[in-house]
Amino acid sequence: MRTIVRTLTFLTAALAGAATFAQDPQQGWLVNTLYQSGKINAVVAGVAVILAGLAVWLFIMDNRMRKLEQEQPRK
């Protein structure tokens, strides 16, 4: 089983690099619309705010769970 997992992992890693060479050299819609108009900065900022919010929320939930676990009597 371990050999199969290692083989599949190796094949996936080897073929992942080959897929990047098959791309067309033409610019896609993302470059044409977001980069040229300067809106890519707003998209990156929005994603960063969402990820930061999720990280803060997870941190707060972890602290709440830790407090609840400490308050619970042990058996």
Side-chain angles (χ1 to χ4, degrees):
M1 182 70 178
R2 194 172 188 176
T3 307
I4 294 171
V5 172
R6 284 184 180 177
T7 305
L8 288 175
T9 305
F10 172 75
L11 288 174
T12 304
L15 294 176
T20 59
F21 293 112
Q23 302 295 322
D24 292 333
Q26 299 173 350
Q27 294 179 346
W29 67 272
L30 184 68
V31 174
N32 291 335
T33 57
L34 295 179
Y35 283 112
Q36 290 178 357
S37 65
K39 294 180 182 179
I40 191 69
N41 294 332
V43 172
V44 171
V47 170
V49 166
I50 291 170
L51 289 177
L54 284 173
V56 169
W57 180 75
L58 284 173
F59 181 75
I60 291 171
M61 286 296 121
D62 185 49
N63 284 340
R64 287 182 184 177
M65 292 297 290
R66 188 176 298 129
K67 287 179 185 177
L68 285 173
E69 288 174 352
Q70 289 174 353
E71 291 175 2
Q72 189 176 27
R74 299 196 187 258
K75 291 182 179 181

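Values below: all heavy atoms of this structure, side chains included; hydrogens, waters and symmetry mates excluded.
- Screening residues 4-15 for side chain to side chain donor-acceptor pair (under 3.5 Å) gives no qualifying pairs among residues at least two apart or on separate chains.
- Residue pairs meeting the salt bridge (Lys or Arg N to Asp or Glu O under 4.0 Å) criterion with at least one partner in residues 33-49, sequence neighbours excluded, do not occur; the list is empty.
- Here the rule is side-chain contact (heavy atoms from CB on, under 4.5 Å) with Ile60, and of Leu58, Val56, Asn63 only Val56 fits it.
- For Asn41, the side chain to side chain donor-acceptor pair (under 3.5 Å) criterion is met by no residue, not counting sequence neighbours.
- Atom CE of Met65 sits in a sparse spot, with 12 or fewer heavy atoms from other residues, nucleotides or ligands closer than 6.0 Å.
- Other cluster members for Leu8: Ile4, joined by side-chain heavy-atom distances under 4.5 Å among Ile, Leu, Val, Met, Phe, Trp and Tyr.
- Listed by chain and number, the hydrophobic cluster partners of Ile50 are Leu54, where partners are ILVMFWY side chains within reach of under 4.5 Å, directly or through others.
- A search for salt bridge (charged side-chain N to carboxylate O under 4.0 Å, His left out) contacts involving Arg64 returns nothing, not counting sequence neighbours.
- For residues 46-62, the salt bridge (Lys or Arg N to Asp or Glu O under 4.0 Å) pairs, not counting sequence neighbours, are Asp62-Arg66.
- For the side-chain contact (heavy atoms from CB on, under 4.5 Å) with Val47, the qualifying choice from Val44, Leu51, Val49 is Leu51, the only one to do so.
- With sequence neighbours left out, the side-chain contact (heavy atoms from CB on, under 4.5 Å) criterion links Glu69 to no other residue.
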